[in-house]
Protein chains: 2
Amino acid sequence: MDASAPRTRIQERNRAAILEAALDVFSQAGFRGATLDRIAKTAGLSKPNLLYYFPGKEAIHVALLAGLLDLWLDPLRALDDSGEPVEEIVGYVLRKLEMAREFPRESRLFANEIVQGAPRIADIIEGPLKTLVDEKAALIGHWADAGRIARVDPHHLIFSIWATTQHYADFDAQVRGILGPGEAHFTDAAEFLEQLYRRALRPG
Amino acid sequence: MDASAPRTRIQERNRAAILEAALDVFSQAGFRGATLDRIAKTAGLSKPNLLYYFPGKEAIHVALLAGLLDLWLDPLRALDDSGEPVEEIVGYVLRKLEMAREFPRESRLFANEIVQGAPRIADIIEGPLKTLVDEKAALIGHWADAGRIARVDPHHLIFSIWATTQHYADFDAQVRGILGPGEAHFTDAAEFLEQLYRRALRPG
DNA sequence: CGTCCTTCTGACCATTTGGTCAAACTCTTT
DNA sequence: AAAGAGTTTGACCAAATGGTCAGAAGGACG
């Protein structure tokens, strides 16, 4: 089975169903906690059939991560050097928070992987991710040089934005345990984070 | 084997060795990824001997979490209503960051558990943790009422502090992948976070 | 319809893993 | 030194799990 390009409608449908199911299971149980049986059952396939489409558990995981990476980094890519700096960064924060709300499984998939030392995506982190982050950090640095935002460490600013926004997806169980159920948390979080970064970045 | 109080020196030594080893293994592999064999080997014991001291894998995990909870919440408990508000909160941020630097395994232990839905500590979160957080959130609210810090949502402020500080322990692999190895990150992070919260909380 | 390629399945396998147990060893106490 | 409690281990077990394989079922096409 060629992992790269599906050739028939059945392949397309089943590969998609497997990846969807795998996202469910991996994001909730981590790599080690996920079982092929559970992924297969969630996808509505038998285990051998699942293994007809992917050579093994690891291959499914890798395909998932690779396929989701672009989606995950889109908000940062959209940070635009021609915009108004504070608005650009606040916009990035809100987009990232919106991603956490809309794609919590994707967030937890990456979180699980990184908490356990990122054994399967170390090369992605040190490669394309580092490149993108360094580039955007340089942009933020230029904004500070020009006095258009407060002088802060750009890398740590980006880390803090990741941390505060993904927190609402990754640590959802804790947030709900303390604030109670419901989805209003994201609205309140948006308001809080916008205020936090607006005040912290205001130049002068 | 009574789980609560060791009676002999051997018990004291071995129970401590087991918990130390379990912290290593659980924090690095998660509950499901940890094996009794690996914990036993790390502790320098045989697997049956390990099970002489604890009735099972879950019991070790629970004992770890319970024993570490106090340590973990100490910085928040120390938030003092008689201090200068901004200094108190900045102090809390720096204490929490110091915890992440000094006890990254403990941080990851909790992170692993919560990312996967906190199945084994839901009662702790909704009980003692929620109580403590609500209490300190009220304190922060009073400070805002008195105009001594900027008006922000206290719960989300606490979440943001947890997120930004624990990020350096839990997502260490990512931070190192982007910034390179070394421990200077914590120093830079301290400077960044102090500035972030000082600016954001300055009243007016 | 018959052929060929794709898709699917039941049965099976090897390894890992949490856990048990009887027996052996060690240490303290009298 | 003998007794008895506390400690340790090798051998073993059942269940879970990732993966294989031969062949059956299904669909496309001449």
Side-chain angles (χ1 to χ4, degrees), chain A residues 1-65 112-113 116 119-120, chain B residues 1-65 112-113 116 119-120:
Chain A
M1 172 72 25
D2 182 0
S4 49
R7 306 185 178 285
T8 74
R9 288 75 187 278
I10 293 178
Q11 274 180 42
E12 198 165 340
R13 172 169 50 83
N14 282 345
R15 281 183 57 92
I18 290 168
L19 290 175
E20 165 68 22
L23 176 58
D24 245 49
V25 177
F26 279 129
S27 69
Q28 199 244 322
F31 182 79
R32 190 79 183 348
T35 71
L36 289 181
D37 271 311
R38 202 170 139 211
I39 296 174
K41 183 180 282 185
T42 304
L45 300 175
S46 68
K47 186 171 64 168
N49 198 14
L50 195 165
L51 289 165
Y52 170 72
Y53 289 98
F54 289 91
K57 188 180 177 181
E58 181 128 10
I60 303 177
H61 195 250
V62 168
L64 250 192
L65 291 167
N112 262 309
E113 188 65 12
Q116 301 196 0
R120 282 166 283 269
Chain B
M1 173 70 24
D2 181 3
S4 50
R7 305 184 180 288
T8 73
R9 288 73 185 276
I10 294 178
Q11 275 180 40
E12 200 165 338
R13 172 169 50 82
N14 282 346
R15 281 183 56 92
I18 290 169
L19 290 175
E20 166 68 23
L23 176 58
D24 245 49
V25 177
F26 278 129
S27 70
Q28 199 245 322
F31 182 79
R32 188 77 179 359
T35 71
L36 289 180
D37 270 312
R38 202 170 139 209
I39 296 173
K41 184 179 282 184
T42 305
L45 300 174
S46 67
K47 186 171 62 168
N49 199 13
L50 195 165
L51 289 165
Y52 171 71
Y53 289 99
F54 289 91
K57 187 181 178 179
E58 181 129 10
I60 303 177
H61 195 250
V62 169
L64 251 192
L65 291 167
N112 262 308
E113 188 64 12
Q116 301 195 0
R120 282 166 284 268

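In the text below, chain A, chain B and the rest are named by the order of the sequence lines, each starting its count at 1.
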Is any side-chain nitrogen or oxygen of [X] closer than 4.0 Å to OP1 or OP2 of [N]?
| X | N | value |
| --- | --- | --- |
| A:T35 | D:dA16 | no |
| B:Q11 | D:dT7 | yes |
| A:N49 | C:dT7 | no |
| B:N14 | D:dT8 | yes |
| B:R32 | D:dT17 | yes |
| A:S46 | C:dC8 | no |
| A:Y52 | D:dC21 | no |

In whole angstrom, give the distance that lies between atom [atom1] of [X] and atom [atom2] of [N].
| X | N | atom1 | atom2 | answer |
| --- | --- | --- | --- | --- |
| A:K41 | D:dT17 | NZ | C1' | 14 Å |
| A:I39 | D:dT17 | CD1 | P | 12 Å |
| A:R15 | C:dT7 | CZ | P | 11 Å |
| B:E12 | D:dG6 | CD | C1' | 16 Å |
| A:L50 | D:dG18 | CG | C1' | 11 Å |
| B:R38 | C:dT15 | CZ | P | 21 Å |
| B:H61 | C:dG18 | NE2 | P | 13 Å |
| B:D37 | D:dT9 | CG | P | 13 Å |

Practice item. Please tell me which of A:P48 and B:L36 maps to the more 5' nucleotide of DNA chain C, matching each residue to the nucleotide holding its nearest heavy atom. Key: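 Taking each residue's closest nucleotide, the earlier one in sequence belongs to A:P48.
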
Exercise for review: Starting from the 5' end of DNA chain C, give me the residue, B:K47 or B:I10, whose nearest nucleotide shows up first.
Suggested key: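 Checking each residue's closest nucleotide, the 5'-ward one belongs to B:K47.
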
Within-4.5 Å side-chain heavy-atom neighbours: [X] and [Y]:
| X | Y | value |
| --- | --- | --- |
| A:D24 | A:Q28 | no |
| B:T35 | A:R32 | yes |
| B:E113 | B:P119 | yes |
| B:V62 | B:F54 | no |

Check your understanding: Checking only heavy atoms, does the side chain of B:K57 share a donor-acceptor pair with the base of C:dG19 at less than 3.5 Å?
Key ->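 Result: no qualifying N/O pair found.
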
Review point. Between C:dG19, C:dT7, D:dT20, which nucleotide gets closest to the side-chain atoms of B:L51?
Key: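 Ranking C:dG19, C:dT7, D:dT20 by closest atom to the B:L51 side chain puts C:dG19 first.
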
Practice item. Assign B:R9 to base, sugar-phosphate, or nothing according to its heavy-atom contacts below 4.0 angstrom with the strands shown. Key: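 Contact class for B:R9: none.
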
Practice item. May I ask you to say what A:A34 touches in the nucleic acid, namely base, sugar-phosphate or nothing, with a heavy-atom cut-off under 4.0 Å? Key: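 Sugar-phosphate, no base atom in range.
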
Check your understanding: What is the ring orientation for A:H61 with A:F26, classed by angle as parallel under 30°, tilted 30 to 60°, or perpendicular over 60°?
Key ->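 Aromatic pair A:H61/A:F26 classed perpendicular.
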
Practice item. Quick one: do A:I10 and A:R13 satisfy side chain to side chain contact (heavy atoms under 4.5 Å, CB included)? Show the steps, please. Key: CA-CA 5 Å; A:I10 293 178; A:R13 172 169 50 83; 4.0 Å; yes

